[in-house]
Amino acid sequence: MRKRSEAARADHQQQQVSSPTHEQPDDRPPRLRNVKYLNAYYERDKIVLVSRDEQGKVRSQRVRPESSCFIRRAAVDSDLYRMLKGSSLVRSLVAEGEWLRVVWCDRPTCRDASLALEAKGIPTYEADISPIRRYSADNRIEIARPKRCYLDLETDSRVSFSKKEEMRILIWSVVAEDEQTWTGVLEEDTDAAEQRLLMQLLKVLDPYDQVASWNGDRFDFPVLRARAKAREIKIDLGRWLWLDHLELFKRMNQMAAESGDEKQSYALQAIATAVVGEGKDDVDASQSWQMWEAGGEKRDKLARYCWKDTDLMRRIEAKTGYIELLQTLCETCGTFPNSRGADPGNQVESFLLRLALERGEHFKSRIDDKRGEQYRGAFVMEPREKGIIRDVHVADFSGLYPSIILSWNMSPETLIEKPGPTRSGVPDRCCPSYLKHYPLVYPSRPNRVCEAAITESWFDTDREGLLPAALKRMLVLRKVWNVRKAAVPPGTPEWKDADRRSTAYKIAANSFYGVVGSPLSKLFDREVAESVSQCGVWLIKETIKEAEAKGMRVVYGDTDSLFIAGCMREEFERFVGWCNAELYPKLLLSKGCVENRINLAFEKSFSRIVLVCAKKYAGMYSHYKGTAATAESKPEIKGLEYKRGDSVRLARQMQEEVINLVIVKGNEEQAKIEDILSRYRERVLEGIIEKAEELGGEK
DNA sequence: ATCTCTGGCCTCCGAC
DNA sequence: GTCGGAGGCCAG
């Protein structure tokens with residue numbers, strides 16, 4: 001693929017073509033060198049940018065929010081230009097390369113005007129970008145490392161959350177990363193005492209930039225906002241980066257959780273038990289009011305409980321490093337490390353906006369609701385064989401969707417509008433009846449265009465797409481940190497840092513596809529997303545065909561994987577090698593792809609496996625990536641009740657026992673299996689189960 | 001304010 | 001009793 005010329009870069013230098021109707025955009029201060037920003041938030045009609053000076057003192061800059069859109073200069077005739085220039089709704093017009101930046105007086109106007117332009121057939125770009133995102137992309141804002149603390153509140157247990165405006169805060173606790181701790185306790189049940197309590201809290205929070213709370217988005221943060229408002233506290237809470245530690249934990253832990261037991265509850269105590277081995281506290285938070293009211297020892301106990309919960313978050317972070325991982329993602333993408341910055345949609349949008357700007361490109365505006373039909377997704381094979389299958393080899397495509405996006409150069413702006421079929425050279429949709437006897441002729445793929453399988457969409461291969469460029473950048477960074485990781489001693493802080501960064505880039509790369517497929521995203525493109533998934537369907541089906549032609553039994557497959565029986569390990573290895581060396585290059589060439597990033601990998605073999613139905617199986621490895629399994633090796637269990645947090649605990653335990661007997665030990669004696677089953681049957685029928693706890697699962 | 005996607009199994013519950 | 005829609009949770 002061709003590299004973009006340096007000219008495009010130079011072209012991007014801004015040039016003022018007309019003096020703005022009202023004033024120079026003088027509140028764009030010259031960008032401060034080497035300043036990294038902690039946060040940006042709206043305050044009335046300004047954006048406040050937060051940073052710290054060399055002494056660590058917080059400084060705030062105020063800039064005017066810009067609501068702008070871009071139009072291709074080629075699409076602007078002199079009438080339109082005069083109209084824009086004369087409009088009192090337009091604050092300024094700036095030529096940037098082949099683009100015209102139209103700065104509107106406010107956001108609603110920007111939206112309405114862009115809709116009106118679109119209605120006139122003039123496409124607008126980035127009309128929907130928020131002023132903070134606009135500013136931080138235009139000025140290439142760098143993300144600072146915030147000073148972090150953890151916060152937990154205890155509130156009046158007699159009041160429900162829906163009445164949080166009337167929910168008195170009884171105790172707060174703050175823990176910093178260096179284990180420094182503060183706790184505030186309400187002195188008496190009066191508004192004045194609560195106001196003092198909140199003022200103390202804000203004073204303690206003052207040196208910190210990021211506040212993490214377990215379930216903070218749903219509880220602590222709204223409560224704090226509501227009570228600060230009720231007590232008429234004037235301090236702007238927008239200054240802090242509010243981060244819901246629970247939501248972040250869920251997002252990052254989704255992949256890691258082992259069994260259903262671990263997913264039962266995301267209550268702080270449960271997670272703490274699993275992650276840092278902390279036992280349950282005997283305080284009942286639903287009695288917080290009574291404990292506070294009792295005063296003395298009981299009140300102290302509640303305060304201790306509050307502090308302990310706060311400190312658990314610090315310890316969970318010390319163990320998992322998820323907030324640090326978020327920091328890396330945010331620094332790369334240009335989002336702030338609060339709850340919003342943890343959303344992949346925001347990360348990808350922010351990253352691509354900056355990349356596009358560098359390349360002198362812009363996204364299409366998304367001002368109307370484009371939701372509609374679901375698009376087609378992956379191929380899932382019904383398991384072909386029942387019972388225990390021996391010696392099953394598994395291959396999977398490494399990073400299938402990213403590799404497809406790269407190989408087909410898929411991106412919303414490389415998508416080419418495909419002409420419809422013709423009859424005798426006339427487009428079929430306006431074909432007169434006397435030509436109807438001519439056969440339908442479908443357009444053939446031109447040069448420098450590749451065609452997606454199944455959707456048959458066309459993509460320009462001549463200029464590198466934004467999405468592939470972004471992916472490449474992430475993958476290069478990932479490689480850099482993997483090399484670094486391999487060069488330092490395992491387990492050291494340097495190693496952990498490299499590992500975290502490498503993981504962050506992988507997470508970012510994998511989220512691109514999902515974001516393009518999300519109707520809520522500004523980068524949504526159904527045709528691109530469907531082309532990605534359908535190329536995956538095509539590749540796996542072609543591979544299955546070839547394997548079967550070579551006499552192998554394909555017993556199962558899901559999205560990017562193939563489970564194959566009836567061949568020796570070496571034979572399968574040769575097959576995988578052949579697919580990579582010959583099959584995929586041939587297939588991709590036939591579609592006009594310029595690059596081939598498709599790679600099948602021999603991942604593992606199962607000595608025994610049971611496929612229950614699609615997405616449910618249990619198997620025992622004989623090797624994983626060439627490393628032989630040992631006596632300690634655990635089985636791989638997918639989708640079964642054992643893995644589900646909503647199943648009955650007794651069923652999970654029984655399933656575990658049967659899997660250990662049949663799959664792990666390889667003991668298929670009917671009598672032994674029946675032993676287990678009848679034992680559980682007895683327990684249920686004889687009514688030995690007394691505690692609901694033994695069942696679990698039901699919420 | 002909130003938001004990555006689709007495919008699939010399973011339970012629950014109401015309509016017939 | 002059977003069917004289908006809704007919703008939960010999981011695979012990838």
Side-chain angles (χ1 to χ4, degrees), chain A residues 42 128 130 217-218 221-222 225 242 244 247 250-260 262-266 329 333 335 338-352 366 369-383 394 396-402 404-405 467 507-534 536-537 539-540 556-563 603 611-619 636-648 651-652 697-699:
Chain A
Y42 297 105
D128 47 347
S130 80
D217 284 352
R218 283 173 208 261
F221 304 153
R225 271 194 294 272
W242 304 98
D244 190 331
E247 286 303 316
K250 271 196 205 163
R251 205 187 281 282
M252 301 295 187
N253 198 51
Q254 203 83 54
M255 305 159 272
E258 259 291 307
S259 68
E262 287 178 44
K263 283 176 262 187
Q264 273 264 24
S265 166
Y266 277 105
L329 274 167
C333 297
T335 57
N338 54 17
S339 292
R340 291 202 55 171
D343 169 41
N346 282 321
Q347 291 165 356
V348 173
E349 180 193 321
S350 171
F351 184 75
L352 285 187
R366 270 187 51 79
D369 195 354
K370 291 202 171 57
R371 259 175 297 198
E373 294 268 291
Q374 263 201 334
Y375 61 86
R376 289 169 292 174
F379 168 72
V380 183
M381 183 190 259
E382 195 61 34
V394 180
D396 61 3
F397 291 100
S398 17
L400 180 62
Y401 287 178
I404 288 170
I405 292 171
L467 217 51
I507 290 174
N510 285 336
S511 64
F512 279 80
Y513 158 73
V515 173
V516 171
S518 168
L520 298 154
S521 148
K522 297 190 169 56
L523 301 148
F524 173 60
D525 196 309
R526 178 180 285 102
E527 198 175 343
V528 173
E530 190 171 58
S531 294
V532 175
S533 68
Q534 296 314 294
V537 171
L539 283 167
I540 196 167
Y556 182 59
D558 184 350
T559 311
D560 61 353
S561 66
L562 291 164
F563 290 52
E603 193 191 32
L611 303 164
V612 179
C613 57
K615 296 184 187 287
K616 289 188 167 199
Y617 58 87
E636 180 170 291
I637 302 171
K638 297 289 182 187
L640 294 172
E641 284 66 18
Y642 172 78
K643 291 277 285 185
R644 295 179 66 100
D646 62 346
S647 59
V648 175
R652 288 205 296 266
E698 296 93 334
K699 281 167 189 151

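Chain identifiers are assigned alphabetically (A, B, ...) following the order of the sequence lines, protein sequences preceding nucleic acid strands; residue numbering begins at 1 within each chain.
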Checking A:Arg366 side chain against A:Leu523 main chain: does a donor-acceptor pair fall under 3.5 Å?
-> no
From CD of A:Glu603 across to C1' of C:dG12 the rounded distance in Å is 12 Å
Side chain to side chain contact (heavy atoms under 4.5 Å, CB included) with A:Ala509: which residues, sequence neighbours excluded?
-> A:Leu471, A:Met474, A:Leu475
Hey, does A:Ser521 have a side-chain heavy atom less than 4.5 Å from the side chain of A:Val348?
-> no
Please check if atom CZ in A:Arg376 has more than 12 non-hydrogen atoms from other residues, nucleotides or ligands closer than 6.0 Å.
-> yes
Review item, nucleotides 3-5 of chain C N/O atoms under 3.5 Å of protein N/O:
none

Between A:Leu400 (CG) and B:dC5 (P), how many Å, whole number?
-> 19 Å
Hits for ring pair (Phe, Tyr, Trp, His ring centres under 6.0 Å) against A:Tyr513, two or more places apart or cross-chain, chain-then-number order -> A:Tyr401
Look only at the side chain of A:Gln347 and the backbone of A:Thr335, and say whether a donor-acceptor pair between them is shorter than 3.5 Å.
-> no
Separation of A:Ile637 atom CD1 from C:dA11 atom P, in whole Å?
-> 11 Å
How would you label the contact of A:Phe397 with the nucleic acid (heavy atoms, under 4.0 Å): base, sugar-phosphate, or nothing?
-> nothing
In whole Å, what is the span from the CG atom of A:Asp560 to the P atom of C:dA11?
-> 14 Å
Nearest-Å distance once atom P is located in both C:dC9 and B:dC3 | 15 Å
Drop me the distance from A:Lys615's NZ to A:Leu640's CG, to the nearest 0.5 angstrom.
-> 13.5 Å
How close or far is atom P of C:dA11 from atom CD1 of A:Ile540, stated in whole angstroms?
-> 17 Å
Separation of C:dG8 C1' from A:Lys250 NZ (nearest whole Å) = 13 Å
Write down the distance between CG (A:Leu523) and C1' (B:dC5), rounded to a whole number of angstrom.
-> 14 Å
Contact check, side chains of A:Asp558 and A:Tyr556, non-hydrogen atoms, under 4.5 Å | yes
With A:Arg340 via side chain to side chain contact (heavy atoms under 4.5 Å, CB included) - residues at least two apart | A:Asn338, A:Asn346
Main-chain N/O of A:Asp396 paired with A:Asp560 side-chain donor or acceptor, under 3.5 Å = no
Indicate whether OP1 or OP2 belonging to C:dG12 is found under 4.0 Å from a side-chain N or O atom of A:Tyr556.
-> no
Between the side chain of A:Ser531 and the main-chain N/O of A:Glu527, is any donor-acceptor distance below 3.5 Å?
-> yes
So which protein N/O to nucleotides 2-4 of chain B N/O distances come out below 3.5 Å?
| unit_1 | atom_1 | unit_2 | atom_2 | d |
| --- | --- | --- | --- | --- |
| B:dC3 | O2 | A:Asp343 | OD2 | 3.0 |
| B:dT4 | OP2 | A:Asp343 | OD1 | 2.1 |
| B:dT4 | O3' | A:Ser518 | OG | 3.1 |

Between the protein and nucleotides 7-13 of chain B, list the N/O to N/O atom pairs that are separated by less than 3.5 angstrom.
| unit_1 | atom_1 | unit_2 | atom_2 | d |
| --- | --- | --- | --- | --- |
| B:dG7 | OP1 | A:Gly377 | N | 3.0 |
| B:dC10 | OP1 | A:Lys616 | NZ | 3.4 |

